[in-house]
Protein chains: 2
Amino acid sequence: MTLTGRKPTLAAIARLTGVSTPTVSKVVNGREDVAAETRAKVLAALEEAGYESPAHRRTTRRTAVVEVAFDAINSNYASALLDGILAQAAAMGVEVVLSVTGSVPAAGIDLERRAQRTVDEERSGIIVVTSAFTGSHLAAFHRRRVPVVVIDPLNPPPSDVVSVGATNWAGGKAAAEHLLDLGHRRIAYLGGPESAECSQARLHGYFSALMSRGVEVDPRLVRHGRFRVEDGVEGLTGLLALDERPTAIFAGSDAIAVGVLREARQRRIHVPEELSLVGFDGTALAEDSVPALTSVAQPLHDMGRTALRTLLRQARGEQLDSHRVELATQLVVRESTAPAPA
Amino acid sequence: MTLTGRKPTLAAIARLTGVSTPTVSKVVNGREDVAAETRAKVLAALEEAGYESPAHRRTTRRTAVVEVAFDAINSNYASALLDGILAQAAAMGVEVVLSVTGSVPAAGIDLERRAQRTVDEERSGIIVVTSAFTGSHLAAFHRRRVPVVVIDPLNPPPSDVVSVGATNWAGGKAAAEHLLDLGHRRIAYLGGPESAECSQARLHGYFSALMSRGVEVDPRLVRHGRFRVEDGVEGLTGLLALDERPTAIFAGSDAIAVGVLREARQRRIHVPEELSLVGFDGTALAEDSVPALTSVAQPLHDMGRTALRTLLRQARGEQLDSHRVELATQLVVRESTAPAPA
DNA sequence: TGTCCCTAGCGAAATTCTTTCGAAAGTCAG
DNA sequence: CTGACTTTCGAAAGAATTTCGCTAGGGACA
C-alpha cells in the first residue's frame with residue numbers, strides 16, 4: 001500500500017499503518033502514551049511518506065543553530081578552535097549554542113534529554129571537542145539522527161562518527177626527527193590521556209621516527225597526563241628521577257611544555273642548553289613563553305571551520321567523502337631546541 | 001463584554017470582536033489579507049484575553065536562552081569571562097548563544113534584524129563584552145525591551161544600561177601605589193582604548209595615587225592601545241624614545257604587559273631590575289610569563305557569573321538594586337616588580 | 001485459582017485551529 | 001455608468017489535537 005500522491009496528512013499515515021489519527025498525532029508530538037512498537041511503526045511510515053507537521057512548516061527556521069560542547073574552554077587550544085568555529089558560523093549565518101561539559105559529562109539520563117532537546121529545537125547538530133563523551137553518549141545523538149562531528153576525540157569514537165583532527169602522527173614524527181637531527185637520543189614524550197587518539201597518534205609518530213633511526217624506545221620516557229600545565233610540571237619531575245635523564249622532551253601540548261619550562265626554571269635547568277623542548281599546538285602560549293617554544297602547530301582555526309562546515313554538510317544530508325578529516329601540522333622552530341649536550 | 005473564565009479560544013476572541021474565527025486565525029498567523037483596522041481590533045482583544053496559540057504553548061521554552069556577544073574571544077581575558085558565564089548558565093539551566101562581533105560591529109540594518117531575532121526567538125537577553133557596541137546599537141535592543149548587560153564597555157554606555165565590571169579605579173590605584181612604595185617616580189601607563197571606561201578608571205586610579213604622593217603626572221608617559229600584545233611592544237618602544245625613560249610601567253592588561261616583556265627582552269632590558277612592570281587581569285598569562293607578572297587580578301570568572309545572573313534577574317522583571325556592579329580587584333605581587341634603580 | 005484493582009495503550013468524539021474559495025464591497029479607468 | 005480588478009472577509013471543509021473512556025494484560029491478595 002502506498003500514498004496516492006498528495007501531501008501526506010495524519011489521517012493518511014493512520015490508514016497506512018492501521019492505527020487511529022490521534023495515535024499518529026501523539027507520535028508526532030512525542031507523547032508518552034504510545035507503545036514503543038506502535039511508535040516505531042508510525043515513525044517509519046511518517047519517514048517514508050515525508051510527513052511534515054504544519055507547526056514544523058510554520059516554524060521553519062530562518063537561521064540554523066548548531067551546538068558546540070567543550071570539555072573546558074580555558075585554554076588557548078580551545079579558544080583557537082572556538083574562534084574558528086565562530087568565524088565559519090558567522091560566514092554561513094549560523095548560530096552557535098555553546099556549553100562546557102566538564103571532564104565528567106552529565107549522567108546518562110541527562111544526556112538523553114539533551115540529545116532530545118537538540119532534536120526538539122531543530123538544531124542542525126553538535127560539535128564535540130576533546131570531550132569525555134564516550135561512544136554510548138554519542139549513541140544518544142546517533143539514535144536520533146543528530147549529526148555529530150568530533151574534534152580530537154578523547155575516547156576512541158565509534159567508527160561511523162565523523163571526526164576532524166590534525167596530522168598528529170606526522171606532527172609527532174616531525175617533532176622527534178627535529179630532535180634527532182639535533183643529536184638527541186634520549187627523548188621523552190609527555191602526552192595527553194592514554195586513550196586520546198590524538199595523543200596516541202603523536203606518540204606513534206615519535207616511535208616511528210626513533211625506530212627509523214635505530215634509536216631504542218625507553219618506555220620509562222613516555223608519560224601520560226591531561227594536556228595541562230601541571231602535567232608538564234609533574235612530568236619533568238618524574239623524568240628527572242630517572243637514572244639516565246632525557247636530553248630532550250616532546251610535549252603533547254604547549255601547556256604541558258609551559259609546565260616543563262616552569263619546573264625547569266625552578267630547578268635551574270637551562271632550556272635549551274641542557275634540555276631541548278618541543279611543544280604541540282602552536283598557540284600564542286608557544287610564542288610568548290621564554291624561551292619561545294619550538295612547537296608543532298595545528299591549524300586550530302581551520303579545524304574549527306572545517307568541523308562546522310562538515311557538520312552542516314552532514315545536516316543537509318550530503319554524502320561525506322570521508323569520516324575523518326586531517327589538516328596538516330607544521331613544525332615551527334623557535335628557541336627551545338638546541339643541539340644535544342656532548 | 002468579557003470572557004466568562006476559561007482559556008481563551010479563537011472562537012471566543014472572534015465573538016468578542018465581532019469577526020469570524022478564520023479572521024482571528026489569520027491575524028494570529030500574520031496573514032496579509034486582513035485590514036489594518038480589523039487587525040488592530042483583534043490584536044487588542046487577543047492581548048486583553050491573554051490568548052496563546054497552541055503552537056505557542058507547545059513551543060514554550062523549557063530552557064531559557066541568552067545571547068553573548070564578544071568583540072573577540074582569543075584572549076585569556078575573554079576565556080575566563082566566558083568560562084564564568086557558561087558555569088553560571090549550566091548551574092541555572094540556561095543555554096548560551098555565542099557570537100563574536102569583531103571590532104567593527106555589523107551595520108545598523110543588520111543590528112536591527114539581530115535585535116528583532118532576539119525577540120522572535122524569545123531569548124532572555126544579551127550580554128555584551130568589551131564590544132564596540134555603541135549607544136545607538138544598544139538602543140536597538142532597548143527599543144524592543146531586550147535586557148542587556150554590558151561587561152567592561154568600550155564606549156560609554158547610556159546611563160540606564162546595566163553593566164558589570166571590576167573596581168578598576170581601586171585596582172589602578174593599588175598598582176600605582178605598589179610601584180610608588182618601591183620607590184618609582186617615573187611610572188608610565190599603557191592602557192586600552194581611550195574611550196573604554198575600564199581603562200579610564202584604571203588611569204584615574206593611577207593619577208590619584210601619583211597625586212596623593214605629590215608625584216607629577218607626565219602626559220607623555222600615558223599611552224593608549226587596544227589591550228593587545230602588540231600594543232605593549234609599541235608602547236615600550238615609544239616610551240624608550242623619550243628623553244627621560246620611565247623606571248616602571250603599569251600595563252592596562254596582561255597582554256600589554258607580555259608585549260612589554262617581549263620588547264624588553266629584545267632590547268636586553270632586565271625586568272624587574274631595570275624596569276618594573278605591573279599587569280592587569282591576573283590571567284594565566286601573568287602566571288606563566290617570565291618573569292611572572294605582578295598583576296591586578298580581576299575576578300573574571302565571577303564577573304561572568306554575575307553578568308548572567310543579573311541579566312536573568314532583569315529578564316524576570318525584578319527590580320535591580322543598581323545599574324552598575326563592581327567586583328573587587330586584588331593586587332598579586334609576583335616577580336616583575338622591584339625597587340627602583342638608584 | 002479466582003477476584004480485584006491498576007496501568008498502559010489505544011481510539012471515538014469533541015474541540016480547536018487552518019485553509020480554501022467564493023462573495024461582497026470598494027476602486028479605478030474608460 | 002460599466003466592467004475589470006483588488007481588498008477584505010467568512011462559510012465550509014479539512015486537519016490536528018485533546019479529552020475521556022474503554023479494554024486488555026498484569027500483579028497483589030485472599
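In what follows, chains carry the letters A, B, and so on, assigned in the order in which the sequence lines appear, proteins first and then strands, with residues in each chain numbered from 1. Just the heavy atoms: all of them, side chains too, but no hydrogens, waters or symmetry mates, feed the values below. Small disclaimer: the values here were computed from a predicted structure and weren't measured.
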Quick test: give all pairs of protein nitrogen or oxygen and nucleotides 8-11 of chain C nitrogen or oxygen below 3.5 Å, distance rounded to 0.1 Å.
residue : atom : partner : partner atom : Å
C:dC10  : OP1  : A:Thr38 : OG1          : 2.2
C:dC10  : OP2  : A:Ala35 : N            : 2.6
C:dC10  : OP2  : A:Thr38 : OG1          : 3.3
C:dG11  : OP2  : A:Ser20 : N            : 3.0
C:dG11  : OP2  : A:Ser20 : OG           : 3.1
C:dG11  : OP2  : A:Thr23 : OG1          : 2.7
C:dG11  : O6   : A:Lys26 : NZ           : 2.7

Notebook entry, point to check: Is there side-chain contact between A:Leu81 and A:Phe70, with heavy atoms separated by less than 4.5 Å?
Noted result: yes
Got a list of side-chain donor-acceptor pairs under 3.5 Å for residues 300-309 of chain B, not counting sequence neighbours?
residue  : atom : partner  : partner atom : Å
B:Arg305 : NE   : B:Gln88  : OE1          : 3.1
B:Arg305 : NH2  : B:Gln88  : OE1          : 3.0
B:Thr306 : OG1  : B:Asp302 : O            : 2.8

Notebook entry, point to check: Is A:Gln200 reaching over with its side chain to a backbone N or O of A:Glu194, donor-acceptor style, under 3.5 angstrom?
Noted result: yes
Note to self: Measure CZ/A:Arg15 against P/D:dG14 and give the value in whole Å, please.
What the structure shows: 13 Å
Check: Do you know which two heavy atoms are closest between B:Ala64 and B:Ser124, and how far apart they sit?
Finding: CB-OG, 3.6 Å
Checklist line | Close side-chain approach of B:Leu98 to A:Leu82, heavy-atom, < 4.5 Å | finding: yes
Check: Taking CG from A:Leu10 and C1' from C:dT16, how many angstroms apart are they, rounded to a whole number?
Finding: 14 Å
Check: What is the minimum heavy-atom distance between A:Pro299 and A:Leu327, and which atoms define it?
Finding: CG-CB, 3.5 Å
Notebook entry, point to check: For the residue pair A:Ser322 and A:Val325, what are the closest heavy atoms and their distance?
Noted result: OG-N, 4.5 Å
Next item on the list: Mind listing the closest non-hydrogen atom pair of A:Leu311 and A:Ile126 along with its distance?
Entry: CD1-O, 3.6 Å
Next item on the list: Any chance you could list the contact pattern along nucleotides 22-28 of chain C? Use B for base contacts, S for sugar-phosphate-only contacts and - for none, protein heavy atoms under 4.0 Å, 5' to 3'.
Entry: -------
